[in-house]
Amino acid sequence: MNESATSPTASRDFLREIVADDVEAGRTIDVITRFPPEPNGYLHIGHAKSITLNFGVAREFGGRCHLRFDDTNPETEDQHYVDAIVDAVRWLGYDWGEHLYFASDTFERMYECAEALIRDGKAYVDSASEEEIREARGTITEPGRPTPDRSRSADESLDLFRRMRAGEFPDGACVLRARIDLASRNMLMRDPVLYRIRHAHHYRTGNDWCIYPLYDYAHPLEDAFEDVTHSFCTLEFENNREIYDWVVENCPVHSRPRQYEFARLALDFTVMSKRKLLELVKGGHVSGWDDPRMPTIAGLRRRGVTPEAIRAFCDLIGVAKTNSRVDIGKLEYAIRDDLNTRAPRVMCVLDPLRVVITNWPAGRVEMFDAPFWPHDVPNEGARPVPFSGELLIERDDFSEHPPAGFHRLAPGREVRLRYAYIVRCDEVIKDAAGNVLELRCSLDADSKGGAAADGRTVKGTIHWVSAAHALPCTVRLYDRLFRVPDPDAASDTEGKDFTAFLNPESLVVRADARIEPAIADDAPGSRYQFERLGYFVSDREDSSPGNLVFNRTVSLRDTWAKRSGAVTEDFGRPQRSRPAPATTSSAPAAPPPRTSELVERFRRLMQTHGLAETDADLLTRDAATADLFEAAVGAGGPAQSIANWIIHELPRETAGRDVAALPFDGEALARLVALVDAGTINSSTGRDVLADLVRDGGDPQAIVERRGLAQISDDAKLIPIVDAVLAKHPDRVGAYRAGRTGLLGFFVGQVMNGTSGRANPERVKALLTARLDT
Ligand code: ATP
Ligand code: MG
């Protein structure tokens, strides 16, 4: 067993409790699980939940997980799907070693088990029609009646069953049924069908078979043949558990697997059935199984989502015993959280408007060194960004008649160009029809870096590219596939096909976008944050150096809630589409109704502390969280920093624990945030200190001292480390001196690693450049 299975703070779901009990009681020696997809479609995010569960449990308990193709239906299965599934599970980060199985490889053994059941009088061939069998099965209030063949002798059934196999009968002529109990309260136990005749070609066994086993018979046998100990399936199969047990107990098999059920994943704004996904593909509603709007693993991958984000999402939603729909905001939250430290920041203009700088010397180009990462991300690196007299900005960052609160560019107004200068719009050039063609702006030469020399304030900052240097590109803005949260339910209530609820704006293409040149040579599949716009990935199929294509993975914030009108002040209703706090418990998707006291505090957080609505919402879902926030702010903590720490960092550490029971108070949190804000520790160290606080309480300053976490700003300590890094990489030092100054980020990263992230990055950069530039 590894740490996460034994650690007292890791929350264990009910299935892991069951496995742990079995292991501790000695009922299970080696834990064996399986992921059993049917190769009739691509895997989706619901399957990811099952994959992380099955492979996760096996890993945590030192057992193993099998990948098994449950391929007992010849009509819909295909090798192409097998390949796609293998690919997806591997991409998600799981490995089954040599334990790859196909149910179809065991058809002969399944057949032998069926003959044994017949000989034992536990199964019979029934020649009644499907209709007659259904009719004789009774209802919930009435017991079933025997069909005439129920009294068939074992010999006669055996003979007929062999002739079924030999292909003597057409499809539907007869079936093999278990002889169990026609009066059972469980309808599924009223002599279930085990085998049916299907003259069809199977993608692996070809025409070897014309009888195929049904799920209820095949699945328990597959588990037993492979010595699976814990067989996890979704809740719809709860009633099937009785047959499962009956099959395992009555067939000649040696092992005794057990089935346990958990809630299937249902995600808002999408559908999760393979049949419906296939319909979307076949109907041309999407470009294929890997269309970035599809909830398939292949689609998410092409959209730029990482396996880590999918696993983090599965962790976040946990495993529970009741079905509930999951807010898609939780998936988006996991994706943003993952990409934040993974995607370098660059500038891209989607809908360009030309800006001519009238007081810029003709032909002059200035290079700005722009960091790839914001301060709160522990990565380093920068790229040169060219600035010239002809720029492109986002068309909607200019407004000729700016509404109140518009802080971007407008006639006579100033705006800051990210990393560069402050410019003022002096003139608007239009065509005859009144369309804005170009802006003439003058630049404040004393505002390099973005601050005005005379201290005047300029509120807005916008992104831009240099017209002559920028690369043309196509940007695909993907959005939710459906326009309603629950397309299946909408389809039922309104009596329309589910495709009637597709979101017509799920794909908007910007074919005339421009991106800064630094990314020119990046490999397809590279991920970025386009500043102010969202996270993007270059499309691994369609993008090439001369034809750049980017897919939007996710926007920076959840803008959907407002658009769909789902945000109301009525907290009694489920709030859709909010970023989720990272609980690992099996919390239901929607927050509970809020008391009027909490509604009042929600307003206060916005009015008194100036928090955004989303933040205020997340902080007032329960009284303890709101108390913690207000106590920390009362102790002098800056409201927005405190809010960020509580919303984004705390849930990771508490792992679902009740905030009211934490061993530290708001004052301690305020002291921690002050240490980070003062630069005594950097934010990633701050997270370590928070983890200590959550576990043991205490004083943040004392924790920093005891664990020696203080940021190292002392040159005497840093210089030897800097020199060691440079000595270790002579080739890169040479390359840097030959002009590849972008390598500075590499060196900074090495020094940060050498100090477990504690070095002061600004000092490190200064020392490195001093050394490298001599
Ligand atoms: P679908 O309804 O999409 O066709 P399925 O259950 O028929 O799905 P399988 O290929 O049989 O698809 O599924 C393989 C495994 O994945 C099964 O163990 C099943 O329980 C699990 N699984 C399928 N869908 C979900 C889901 N939405 N949430 C959790 N687990 C799922
Ligand atoms: Mg299935």
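Everything quoted here is computed from the prediction, not taken from an experiment. First listed ligand is number 1; within each ligand, the first listed atom is number 1.
- Within the 4.0 Å heavy-atom cutoff, D70 does not count among the residues contacting ligand 1.
- Within ligand 1, counting atoms from 1 as listed, the ones closer than 4.0 Å to a heavy atom of T234 are 20 (O), 29 (C), 30 (N), 31 (C).
- Pairs engaging residues 201-210 under the salt bridge (charged side-chain N to carboxylate O under 4.0 Å, His left out) rule: D105-R204 [sequence neighbours left out].
- F35 counts as a contact of ligand 1, since one of its heavy atoms falls under 4.0 Å from the ligand.
- In this structure, R480 pairs ionically with E332, as a charged nitrogen and a carboxylate oxygen lie closer than 4.0 Å.
- Residue C233 has no N or O atom closer than 3.5 Å to an N or O atom of ligand 1.
- Taking distance alone, with nitrogen or oxygen atoms compared against 3.5 Å, H44 approaches ligand 1 more closely than that limit.
- Taking the six-membered ring where the residue is Trp, the centroids of F237 and Y244 are separated by 6.0 Å or more.
- Nearest to atom 26 (C) of ligand 1 by heavy-atom distance, out of P295, G46, C314, is G46.
- In the displayed structure, E98 atom CD is contacted under 6.0 Å by at most 12 heavy atoms of other residues, nucleotides or ligands.
- With respect to D539 and R476, a salt bridge is recorded, a charged nitrogen being found less than 4.0 Å from a carboxylate O.
- At a 4.0 Å heavy-atom cut-off, ligand 1 touches P36 through backbone and side chain alike.
- The cationic group of R165 lies under 6.0 Å from the six-membered ring centre of W209 and within 45° of the ring axis, placing it in a cation-pi geometry.
- With H202 as reference, F107 is the one residue of F107, F69, F102 to meet the ring-ring contact (aromatic ring centres under 6.0 Å, His included) rule.
- Legend: residues meeting ring pair (Phe, Tyr, Trp, His ring centres under 6.0 Å) with F501, ordered by chain and number and at least two apart, are absent.
- Between the side chain of S184 and the backbone N or O of N186, at least one donor-acceptor pair lies under 3.5 Å.
- When only interatomic distances are considered, the shortest N/O to N/O separation between H47 and ligand 1 falls below 3.5 Å.
- Taking only nitrogen or oxygen atoms, main chain and side chain alike, S273 does not reach within less than 3.5 Å of ligand 1.
- When the options R68, R264, R275 are ranked by their closest heavy atom to atom 2 (O) of ligand 1, first place goes to R264.
- In terms of N/O distances under 3.5 Å, ligand 1 is approached by M272.
- Listed by number with element, the atoms of ligand 1 under 4.0 Å from a non-hydrogen atom of S50 are 16 (O), 21 (C), 30 (N).
- Near P37, the atoms of ligand 1 lying under 4.0 angstrom from a non-hydrogen atom of the residue are 10 (O), 14 (C).
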